[in-house]
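What follows is a short report on a single structure.
The structure presented is a predicted model; accordingly, all values stated were derived computationally and were not measured. Residue numbers begin at 1 in each chain, while the letters A, B, ... track the order of the sequences.
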Amino acid sequence: MPWKGEKNPYKIWLSEVILQQTRVEQGWSYYEKFISNYPTIQQLAAAPDETVFKLWEGLGYYNRCKNLLFTARDIVQNRNGIFPSTYGEIVELKGIGPYTAAAISSFAFNLPHAVVDGNVFRVLSRLFGISTPIDSTAGKKEFTGLAQLVLSKEQPALYNQAIMDFGATVCKPALPLCNHCPLQQQCIAYKEGRVNALPVKEKVLQKKTRWFTYFILVAGDKVLVHKRGAKDIWENLFEFYLLESDDKIIWDKATAQTWLHEQFGKNATAVNHISPLLAQQLTHQTIKAWFIAATLAKVPANLQHYTWHPVKNLPVLAFPKVINTYLQTGAFQQSLF
DNA sequence: AAGTCGGGGAC
DNA sequence: GTCCCAGACTT
């Protein structure tokens with residue numbers, strides 16, 4: 001891995017947070033951007049929220065970015081900029097759980113704490129033939145204990161790297177390379193033909209579909225935007241004027257004009273463009289979104305939580321992928337002329 | 001203990 | 001489509 005041998009706790013922390021539930025290939029360019037823009041934790045702590053969220057844009061799980069900033073400022077302001085060097089202190093930091101604390105402890109400080117990530121769950125469940133669900137409380141406890149037991153106390157950093165590397169390249173989720181596996185003879189799952197049945201998960205994802213209609217409302221050279229709040233997807237990302245509906249809506253210029261007229265009265269002057277239905281697949285949700293570009297004659301007074309933002313400065317805001325997908329079609333920009 | 005949070009890649 | 005990813009937080 002590219003950061004093999006890295007000892008700087010700031011860099012290790014940053015890379016581990018970026019890689020939470022994220023493939024190395026997906027997260028690596030973000031790590032390089034962050035290190036390039038913020039070589040030290042002091043520089044990250046001093047950066048404006050919006051700039052950092054724009055850097056994080058597209059990586060997902062935006063709470064990680066919020067907690068990253070919180071912890072950077074926490075360390076700079078309350079710990080003299082010195083990253084704590086014990087597992088107990090590290091795991092108390094916001095956005096750092098058992099996995100990330102063990103990773104930092106072992107990689108930066110060579111402390112004997114075993115990482116337990118998706119790779120480790122898979123390798124241990126197969127090697128030892130354990131079918132306790134990994135997403136149960138009992139499973140987490142059992143696998144954490146086992147990981148700590150088999151950890152090399154002499155070389156914890158090397159061992160942690162190795163077991164995750166092994167899980168990512170040999171003991172893979174699908175089509176594991178059992179024929180070339182050096183642990184084949186010791187592997188209980190291989191012996192019993194249960195490799196593809198392990199590890200076990202007990203929870204089933206509940207999926208739902210949500211219907212978003214975004215009205216891109218322009219008045220003069222400004223457009224109405226909104227920073228999304230907590231307890232929903234895309235916290236701290238921006239969006240346009242949103243109408244969420246329980247069911248699919250068939251929009252055409254007439255229905256859009258009518259709806260705008262009901263909301264804004266004579267303010268709503270023209271519907272300039274209606275996009276086709278765009279879809280974005282999230283882990284728990286399918287978002288189906290339309291974008292309707294319209295012009296307002298003047299600024300409505302009673303729009304709480306929304307702000308007017310210069311159209312030409314839209315690129316400084318961090319948007320969800322489906323919004324960027326629409327913006328990149330160029331249809332909105334064309335509708336302005 | 002259960003639910004929630006993104007986006008991408010492999011199959 | 002389904003699963004999974006160098007998980008953590010909230011309720």
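- Atom NZ of A:Lys66 is separated from atom P of B:dT4 by 18 Å (rounded to the nearest Å).
- The P atoms of C:dC9 and B:dG8 are separated by 24 Å, rounded to the nearest whole Å.
- In this structure, A:Lys172 reaches neither bases nor backbone, as no heavy-atom distance under 4.0 Å exists between it and the strands shown.
- With hydrogens and angles left out, the side chain of A:Thr283 and the base of B:dG6 share a donor-acceptor pair within 3.5 Å.
- Comparing the P positions of B:dT4 and C:dA6 gives a spacing of 24 Å, expressed to the nearest Å.
- Distance from the side chain of A:Glu202 is smallest for B:dA2 among the nucleotides C:dA6, B:dG8, B:dA2.
- If you chain together hydrophobic residues whose side chains sit under 4.5 Å apart, A:Ile216 and A:Leu336 fall into the same group.
- The base of B:dG6 sits within donor-acceptor range of the side chain of A:Tyr61, with an N or O pair under 3.5 Å.
- Side chain of A:Lys201, nearest nucleotide from B:dA1, C:dC4, C:dG7: C:dC4.
- Hydrophobic cluster membership differs between A:Tyr190 and A:Val123, with clusters built from Ile, Leu, Val, Met, Phe, Trp and Tyr side chains linked at under 4.5 angstrom.
- Residue A:Arg23 is the one, among A:Arg23 and A:Pro98, whose nearest nucleotide of DNA chain C lies closer to the 5' end (criterion: closest heavy atom).
- Here C:dC4 presents its C1' atom at 10 Å from CG of A:Leu205, a figure rounded to the nearest Å.
- What separates CZ of A:Phe70 from P of C:dC9 is a distance of 11 Å, to the nearest Å.
- Here A:Ile96 lies in heavy-atom contact (under 4.0 Å) with sugar-phosphate atoms only.
- Between A:Phe215 and A:Trp259, the ring planes are parallel. Angles under 30° get that label, and only those over 60° would be called perpendicular.
- Side chain of A:Lys54 to backbone of A:Leu317: a donor-acceptor contact under 3.5 angstrom is found.
- In this structure, A:Lys227 does not pair ionically with A:Asp49, as no charged nitrogen and carboxylate oxygen lie closer than 4.0 Å.
- One can place CG of A:Asn324 at 15 Å from C1' of B:dG8, the figure rounded to the nearest angstrom.
- Going from atom CG of A:Leu282 over to atom P of C:dC4 covers 18 Å, rounded to whole Å.
- Across all strands, A:Thr100 comes closer than 4.0 Å only to sugar-phosphate atoms, never to a base (heavy-atom distances).
- C:dC5 atom P lies 7 Å from atom CD1 of A:Ile134, rounded to whole Å.
- A donor and an acceptor atom, one from each side chain of A:Tyr99 and A:Glu16, are located under 3.5 Å apart.
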Strand DNA chain B as a dot-bracket string - pairs counted if Watson-Crick or G-U with both distances under 3.5 Å, | where the partner lies in another strand: |||||.|||||
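- For A:Lys207, the side-chain atoms get nearest to C:dT2 when compared with the rest of C:dT2, C:dA8, B:dG6.
- Within residues 226-239 of chain A, the residues approaching DNA chain B are A:Asp232, A:Ile233, A:Trp234, by heavy-atom distance under 4.0 Å.
- Contacts of A:Gln285 with the nucleic acid, taken as non-hydrogen atoms under 4.0 Å apart, involve only primed sugar atoms and P, OP1 or OP2.
- A straight line from CG of A:Asp117 to P of C:dC5 spans 8 Å, rounded to a whole angstrom.
- Nearest-nucleotide positions on DNA chain B for A:Arg64 and A:Leu175 put A:Arg64 closer to the 5' end.
- If you take atom C1' in B:dG7 and the same atom in C:dT10, they sit 22 Å apart, rounded to whole Å.
- In the set B:dC11, B:dA2, C:dC5, the nucleotide with an atom closest to the side chain of A:Ala174 is B:dC11.
- Proximity note for A:Tyr62 (side chain, C-beta onward) versus C:dA8, B:dC5, B:dG6: the nearest is B:dG6.
- An OP1 or OP2 oxygen of B:dG8 is reached within less than 4.0 angstrom by no side-chain nitrogen or oxygen of A:Gln280.
- Rounded to the nearest 0.5 Å, atoms CH2 (A:Trp308) and CG (A:Asp221) are 10.5 Å apart.
- Residue contacts for A:Gly167: at a heavy-atom cut-off of 4.0 Å it reaches no nucleic acid atom on any strand shown.
- Here A:Asn63 does not reach the OP1 or OP2 of C:dC9: none of its side-chain N or O atoms lies under 4.0 Å away.
- Although no hydrogens or angles enter the test, the distance criterion places no donor-acceptor pair under 3.5 Å between the side chain of A:Asp135 and the main chain of A:Lys201.
- Each of A:Asp135 and A:Gln21 has a nearest nucleotide on DNA chain B; the 5'-most of these lies closest to A:Asp135.
- Rounded to an integer number of Å, the gap from NZ of A:Lys203 to P of C:dC4 is 14 Å.
- Between A:Tyr306 and A:Tyr241, the ring center distance clears the sub-6.0 Å criterion.
- Comparing B:dC11, B:dC5, C:dG7 by their closest approach to the side chain of A:His284 singles out B:dC5.
- Below the 3.5 angstrom threshold, one finds no donor paired with an acceptor across the side chain of A:Thr22 and the base of C:dG7.
- Taking 4.0 angstrom as the limit, A:Gln26 places none of its side-chain polar atoms (N or O) nearer than this to OP1 or OP2 of B:dG8.
- Spacing between B:dG6 and C:dT11 at atom P, rounded to whole Å, works out to 15 Å.
- Between the side chain of A:Thr71 and the backbone N or O of A:Lys94 there is at least one donor-acceptor pair closer than 3.5 Å.
- Judged purely by distance below 3.5 Å, without hydrogens or angles, the side chains of A:Thr132 and A:Glu142 pair a donor atom with an acceptor atom.
- Side-chain rings of A:Phe319 and A:Tyr214 stay apart, their centers remaining 6.0 Å or farther from each other.
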